[in-house]
Peer 1: 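Let me begin by handing over the structure; questions about it come next.
Numbers here simply count residues along the sequence, with the first being 1. Just follow the structure's listing: the first ligand is 1, and inside any ligand the first atom is 1. All figures in this text were calculated on a predicted structure; none of them were measured in a lab.
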Amino acid sequence: MGWDAFGLPAEQYAIKMNQNPLIFTDKNIENFKRQINMLGFSYDWSKETKTCDPKYYKWTQYIFTLLYNDGLAYDELRDVNFCPELGTVLANEEVIDGKSERGGFPVIKKPMKQWVLKITEYADKLLEDLDALDWPKSTIEMQKNWIGRSVGAEIIFSVCGSNETFKVFTTRADTLFGCAYVCLAPEHPLVDKILDPKYKDSIDAYKDSIKNKSDLERSSLNKDKTGVFIGAYAINPINNKKVPIYIADYVLLSYGSGAVMAVPAHDDRDYEFAKKNNIEFDKVIESDISTCAFTGDGVHINSDFINGLHNEDAKKAVIEKLISINKGNYKVNYKLRDWLFSRQRYWGEPIPIVFLENGNTYCLSKDELPLELPKLDEYKPSGTGESPLVHAKDWLNVTINGVPGRRETNTMPQWAGSCWYYIRYLDPNNDNEIADKKLIDHWLPVDLYIGGAEHAVLHLLYARFWHKFLYDKGIVSCKEPFKKLFHQGIILGENGEKMSKSRGNVINPDDIVNDYGADTLRLYEMFMGPLEASLPWSNSGLDGAHRFIDRVYRIFFDKEMSKKISSNNNHKLDYIYNFTVKKVTSDFENLQFNTAISQMMIFINEVYKQDEIYVEYLKDFVKMFSCICPFVGEEIWNSFGNTDLITYEKWPTYNEEALKLQTKTIAVQVLGKLRGTIEIGINEDEASVKEKALQIESVKKQIEGKNIVKIIYIPNKIVNIVVK
Ligand code: ANZ
């Protein structure tokens, strides 16, 4: 177990409760730990770590120094996402629709000196290895889109009557002959240099009107395309044609080179803009379309030496030509930006950097780490945008090799410690290195990683970046940290909304365990539905889970029932036993706990029908059952006189022959017509036979969109489904 304890979530809570996060976090960890143990989870506590422990963050800081020494961590003045409410800057990944991911507070742009990690240096590597991962497709897609690799060209335009030039980034160099105007981002530094003063007022008014719009709003496809002419012209390098220069907010300063060549005939946004501003344009790709932009592939027209070429070939021809006249080149662009890594907060790893009075920056060495977070009376954000660490005077001022200096006061973001914790699990007490290389090579990569989908472009991207860096440093030997990834769903409140204190729909595990016991809670949660589904809590479901545990318990402890347990096998349970072991084994391996449990229920139903129950089958059942319900499972195991834990027992095996011998193929009908056959076990449970019948593809087709009135099952003979 690792406690990801630093960062905004813990700090926000501490502020709300008006307690120093230092005291607070340990108390919370104790409580979580008590609950985890109460629920019977099998964590190896000898491998426990917490990210806010100096023994742990020594290594988080150490990895930062490795990044710094390789030029992958740098500080610069930049326009950042600043959240006044949280009193800190946030990474792009932490801002959703102009609001903070934590708390949903407004975020504004503000220039500040910040630490940044060069994740862009790893953009290609982060993309390349994605396809080999056993991860949910949607998450892989999200990472790809977030990295946003775009292959195109950079083309140089010169400004008429001046020595100024600017570059545009385009993925459609083939359409260069159709460029009708060029468009700069309103904040482009060139604008003020080249504008015609006659237009200054309208330009200023326009800039003012858009200054608070987020990039997301600006690039929304269905927004009105606004912009103004700046009174200057540029030369299209391919044909020396003079084209007007506009500024428009649909062009973002932060992407490509902050300028576009506009081709209204073949780009939707440019088309809309040109129509609005009465800009004339010609098609350069053949098509029948004339009422909107034609954005498809085709053959070039009105394009001089590329006429008759298909656009892919034309692209190459145009770029090669531009290269030969020094007016452009191939260019790959990424949407990914470097990772803003500093926070003006107290509760994080101090960044191990000292700014010396002689102007140098000093990075702490391995043996100067950890740089411990000083204890402070006032840990709340200062409000000025500075970290509360500015108040730690003794800590702040240091002398390095005789030169006085001041420590960096920003701290690392909450994502830092979780970037590499899975490595530390292998060797949590190692004082000399991140972890023993032999252990790293033996254990990594992580075979199965279970975590929420909300981490798709945050933690899961950051951790891959650090891992790849550590790979390049020879610290880990595999290129990817997490081989298989699974996103679990969340349990919603009874009303179907996310559980939260403010909605008053939170279920406290302490209460449930008090009233029902831990096994009921565990069984209920695993039985609610597929692990990946988000489902509402239901108290009646909880009662059902409790009844099933009772039913199992009574077999062994009820006087009448337990008399039926026998050392003789009368073979009546052979089929259902073997089938159950087979299904539960494979379901467990595939994380399909709900269906494994329902098979165990079917088995117990069969057991209840018997007068004599073979004891070995029951024992094997308890082994499977105890994975979900360990407390009752161990108690039953103990009642057989066993002194060791059932946990150490060998997993039950099944006999494939027993499944074959007693199976039979029966017909499945829908409204009396034969639609398929299924293989069932003789005397297989009715519910399970019906379920099998409904799984046949041709049956599914027949009943799609209809109501099932009833399913008639003549045991071991036929299933007939009646629909309306
Ligand atoms: C001319 C052109 C003609 C374009 C055409 C498209 C179609 P992706 O794929 O996302 O990389 N673009 C370039 N820089 C931009 C910026 N800073 N802000 C807004 N738009 C920008 O998109 C690349 C395309 O987005 C580029 O190709 C450019 O428009 C536009 F028929 O250039 B294109």
Peer 1: Evaluate H266 for polar contact with ligand 1, using N/O atom pairs at a separation under 3.5 Å.
Peer 2: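 No, since none of the N or O atoms of H266 sits under 3.5 Å from an N or O of ligand 1.
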
Peer 1: Please confirm whether G256 comes under 4.0 Å of ligand 1, counting heavy atoms of the residue only.
Peer 2: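 G256: no contact with ligand 1 (<4.0 Å).
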
Peer 1: Backbone N or O of S254 within a donor-acceptor pair of the R337 side chain at under 3.5 Å?
Peer 2: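 Side chain of R337 to backbone of S254, a donor-acceptor pair under 3.5 Å: yes, one is there.
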
Peer 1: Which residue supplies the protein heavy atom nearest to atom 9 (O) of ligand 1, what is that atom called, and how far is it?
Peer 2: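 Of every protein heavy atom, S150 OG, 3.5 Å lies nearest to atom 9 (O) of ligand 1.
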
Peer 1: Among F157, F229, Y246, F281, which residue meets the ring pair (Phe, Tyr, Trp, His ring centres under 6.0 Å) test with Y181?
Peer 2: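 Among the candidates, only Y246 passes.
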
Peer 1: Could you see which bit of R269 sits under 4.0 Å from ligand 1, with heavy atoms only: side chain, backbone, both or neither?
Peer 2: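 Contact part for R269 vs ligand 1: side chain (C-beta onward).
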
Peer 1: For residues 131-142, dump all side-chain donor-acceptor pairs below 3.5 Å to protein atoms at least two apart in sequence or in another chain.
Peer 2:
from: D131; atom 1: OD1; to: K144; atom 2: NZ; distance (Å): 3.0
from: W135; atom 1: NE1; to: F482; atom 2: O; distance (Å): 2.9
from: T139; atom 1: OG1; to: H487; atom 2: NE2; distance (Å): 2.6

Peer 1: So if I count the atoms of ligand 1 from 1 in the order they appear, which ones are less than 4.0 Å from some heavy atom of Y250?
Peer 2: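 That gives atoms 18 (N), 19 (C) of ligand 1.
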
Peer 1: Answer yes or no on whether K468 is positioned over the face of Y462, meaning its NZ or CZ is under 6.0 Å from the six-membered ring centre and within 45° of the axis.
Peer 2: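 No, a cation-pi geometry is absent between K468 and Y462.
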
Peer 1: Is it true that N333 lies under 4.0 Å from ligand 1, counting heavy atoms only?
Peer 2: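 No, N333 has no heavy atoms under 4.0 Å from ligand 1.
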
Peer 1: Kindly state if atom 17 (N) of ligand 1 has a protein heavy atom within a strict 4.0 Å cut-off, that is, under 4.0 Å?
Peer 2: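 Yes; the ligand atom in question has protein heavy-atom contact below 4.0 Å.
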
Peer 1: Could you tell me whether T175 approaches ligand 1 through its side chain, its backbone, both or neither, with non-hydrogen atoms closer than 4.0 Å?
Peer 2: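 T175 to ligand 1: side-chain contact only, backbone stays beyond 4.0 Å.
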
Peer 1: How would you list, by chain and number, every residue that makes a side-chain contact (heavy atoms from CB on, under 4.5 Å) with P445, sequence neighbours excluded?
Peer 2: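 Checked P445 against side-chain contact (heavy atoms from CB on, under 4.5 Å); matches are C478, K483.
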
Peer 1: Kindly state whether the ring of Y449 and the ring of F486 have centres lying under 6.0 angstrom apart.
Peer 2: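 Ring centres of F486 and Y449 not closer than 6.0 Å.
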
Peer 1: Which ligand 1 atoms are under 4.0 Å away from a heavy-atom of V251?
Peer 2: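 Near V251, the atoms of ligand 1 are 16 (C), 17 (N), 18 (N), 19 (C).
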
Peer 1: Is the centre of the W466 ring less than 6.0 Å from the centre of the F469 ring?
Peer 2: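 No, they do not, as the ring centres are separated by 6.0 Å or more.
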
Peer 1: Among all protein non-hydrogen atoms, which one is nearest to atom 27 (O) of ligand 1, and what is the separation to 0.1 Å?
Peer 2: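 Protein heavy atom at minimum distance: T171 N, 3.1 Å.
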
Peer 1: Please check: side-chain N/O of Y271 versus main-chain N/O of T291, any donor-acceptor pairing under 3.5 Å?
Peer 2: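 Checked: pair present.
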
Peer 1: At less than 4.0 angstrom from any non-hydrogen atom of M261, what atoms of ligand 1 do you find?
Peer 2: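 So the atoms of ligand 1 that pass are 1 (C), 32 (O).
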
Peer 1: Where's the contact between V260 and ligand 1, heavy-atom distance under 4.0 Å: side chain, backbone, both or neither?
Peer 2: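 It is the side chain that gets close, since no backbone atom is under 4.0 Å.
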
Peer 1: Among protein heavy atoms, which sits nearest to atom 33 (B) of ligand 1, and what does the distance come to when rounded to 0.1 Å?
Peer 2: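 Looking at atom 33 (B) of ligand 1, the protein heavy atom closest to it is T170 OG1, 3.5 Å.
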
Peer 1: Any idea which atoms of ligand 1 are less than 4.0 Å away from a heavy-atom of V263?
Peer 2: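 In order of number, 3 (C).
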
Peer 1: Which atom names give the shortest non-hydrogen contact between A416 and W420, and what distance separates them?
Peer 2: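 Heavy atoms only, the tightest pair is O-CD1, 3.9 Å.
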
Peer 1: May I ask you to check whether over 12 heavy atoms, not counting those of K498, lie within 6.0 Å of atom NZ?
Peer 2: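 No, NZ of K498 has 12 or fewer neighbouring heavy atoms, counting only those of other groups under 6.0 Å.
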
Peer 1: Checking the side chain of S257 only, and the main-chain atoms of K167 only, is there a donor and an acceptor separated by less than 3.5 Å?
Peer 2: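 Yes; judged by distance alone, with no hydrogens or angles, the pair exists.
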
Peer 1: Nearest protein heavy atom to atom 28 (C) of ligand 1, by residue and atom, and its distance?
Peer 2: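 Sorting protein heavy atoms by distance from atom 28 (C) of ligand 1 puts F169 O, 3.6 Å first.
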
Peer 1: What residue and atom, counting heavy atoms only, is the protein's closest point to atom 6 (C) of ligand 1, and at what distance?
Peer 2: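 Looking only at protein heavy atoms, the one closest to atom 6 (C) of ligand 1 is D267 OD2, 3.4 Å.
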
Peer 1: Pull out every atom of ligand 1 sitting under 4.0 Å from any heavy atom of K335, numbered as shown with elements.
Peer 2: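 With K335 as reference, the close atoms of ligand 1 come out as 10 (O).
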
